[in-house]
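For reference, the structure is listed below as structure tokens.
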Amino acid sequence: MKVHNLVLSVSVACAALSATLIPATATAQAKEQFFPALVYRTGPYAPNGVPFANGYVDYLKLTNARGGINGVKVSWEECETGYATDRGVECYERLKGKNGGATVFQPLSTGITFALTEKAPIDKIPLITAGYGRSESADGGVFKWNFPLAGTYWQAADVIIQHIGKKEGGLNNLKGKKIALVYHDSPFGKEAIPPLQERAAMHGYQLSLLPVPHPGVEQKATWLQIRRDRPDYVINWGWGVMNSTLLKEAQATGYPREKIYGVWWAGAEPDVKDIGQGAKGYNAITMQHGTEKGSDIAKEIIAKLHDKGQGTGPKDEVGEVLYMRGLISAMFAVEGVRAAQERFGKGKVMTGEQARWGYENLNLTQAKLDALGFKNVLRPVSTSCQDHVGANWARIHTWDGAKWVFSSDWLQADEQIIKPMVKAAADKYAAEKKITRRTGQDCQS
């Protein structure tokens, strides 16, 4: 009898303990998909970094407001890099293992991208570098963990030259023309050089390379040289304060702003709004989108977040260029996880390795993009084992003194030029790092 009572007591105690543990276990299993956010809300690049970060976080908030990724809620944590490579690496190391492990990193810096490219394969965490980073990382056969989604710098430079050629009545008419590249003297700025040199060899224009030291406020010598040489066109490969400084120097020098073309990181509101009419005529390539205040996605974010006091930054920046860039980058991150769930389990948290498969098998059709709110904002993005970019579309927009206005039709980079460059550079990297190209079997993994 005593033994029976003891067993009964133990059973009751175990049942009570089990009942106590069940909610805790259920809570532990209700994990969230973790998206670390490398940002720079301080320092000389903050005016450009802040709207990007706000758009990025707002899209993650919207994802939760929509019910998560097939029911999986998302979480995030910001880490301030100040656009410094060493701080970016520190942030990566601090966040990569938090909250069950990072899904993906978006460095928002080509310098940080170069550093993390060495770490990502070891830690099995993908990198999305939408519109920046290493252009040769478009080659997924070598760069398994890098995804420069929707556009690389080499594609951007190629499209700019195509557009200039069209203005001159054909690329053959570029022979003998002078084109000056004013570039941020960093890995970011130097990315523009190879495709511009390639096109110069093809079409016979004279290319002058004019580096500007960080952060870009000292350009007097650069513009003295431009005043002396009088190039037919200037390409601005700038970021942050460098862009507004360049336009002020052009105005002071009397160089026609309509002859200046910026990369897509030099064509946003912070670059021109303080100059206003002084920047009128300035052109920049876009990474498909421009200012999209009237888009479905911008309206939804205002209704579901900002009108309820839950927006990340000021309401009036929603839909501006860099806000949209951050928002689109977050959308890519989320949709890659959704694609991974199709293979590894809907409603489950994906590991970084599983998410990598999703980014490599991304298939954002026009119907999917429209349903997500990106109608007339983005064209389809579809990746594969070999193609980690997924799209090569761009447009040109021009500052009319008060706002950005599209000034070209849809344009595409010439892949007959770009792909051989990418493969050659990727092969060189593979040889240096002793990397073997991926096999067909590896492409299925």
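One is the number of the first residue; the rest follow in order along the sequence. Below, all heavy atoms of this structure are taken into account, side chains as well, without hydrogens, waters or symmetry copies.
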Salt bridge [X]-[Y], side-chain N to carboxylate O under 4.0 Å:
X	Y	value
E317	K293	no
E335	K368	no
D296	K375	no
E93	K119	yes
R41	E80	no
E342	K346	yes
K419	D139	no

Show the nearest heavy-atom pair for residues [X] and [Y], with the distance to one decimal.
X	Y	answer
D414	D158	N-OD2, 2.8 Å
I275	S244	CD1-O, 3.5 Å
K304	Q310	O-OE1, 3.9 Å
Y323	D58	OH-OD2, 2.6 Å
H388	L149	O-CD2, 3.6 Å
T117	L127	N-CD1, 3.9 Å

Between [X] and [Y], is any side-chain donor less than 3.5 angstrom from a side-chain acceptor?
X	Y	value
E191	S135	yes
D123	Y92	yes
E415	N392	yes

**Item:** Heavy-atom check, side chain of V337 versus side chain of V104, under 4.5 Å
**Value:**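 No, every pair of side-chain atoms sits at 4.5 Å or beyond.
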**Asked** So do the side chains of Q341 and K348 get within less than 4.5 Å of each other, counting heavy atoms only?
**Response**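 Contact flag for Q341/K348 side chains = no.
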Decide whether a cation-pi geometry holds between [X] and [Y]; the criteria are a distance under 6.0 Å from NZ or CZ to the six-membered ring centre and an angle within 45° of the ring axis.
X	Y	result
R395	F406	yes
R134	F143	no
R257	W399	no

**Message:** Please check this pair: side chain of S408 against backbone of I396, looking for a donor-acceptor N/O pair closer than 3.5 Å.
**Reply:** yes
**Message:** Under a 3.5 Å distance rule, please check whether Y261 uses its side chain to pair with a backbone N or O of Y233 as donor and acceptor.
**Reply:**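 No, because the side chain of Y261 does not come within donor-acceptor range (under 3.5 Å) of the backbone of Y233.
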**Message:** Quick check on the 6.0 Å ring-centre criterion: do W404 and H397 meet it?
**Reply:** yes
**Request:** Determine whether more than 12 heavy atoms belonging to other residues, nucleotides or ligands lie under 6.0 Å from atom CD of E118.
**Result:** yes
**Request:** Hey, can you tell me if W265 and F52 have their rings parallel, tilted or perpendicular (30° and 60° cut-offs)?
**Result:**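 W265 vs F52 ring planes: tilted.
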**Request:** Please state whether the rings of Y45 and Y40 are parallel, tilted or perpendicular, taking 30° and 60° as the class boundaries.
**Result:** perpendicular
**Request:** Check step by step if ring pair (Phe, Tyr, Trp, His ring centres under 6.0 Å) holds for Y183 and F188.
**Result:** CA-CA 8 Å; Y183 67 97; F188 152 60; 9.5 Å; no
**Prompt:** Out of L95, I128, T129, which residue meets the side chain to side chain contact (heavy atoms under 4.5 Å, CB included) rule with F105?
**Reply:** L95
**Message:** Could you go through T245 and Q219, starting from their C-alpha distance and side-chain angles, then the distance that decides it, and tell me whether this counts as side-chain hydrogen bond (donor to acceptor under 3.5 Å, both in side chains)?
**Reply:** CA-CA 8 Å; T245 302; Q219 298 184 34; 4.6 Å; no
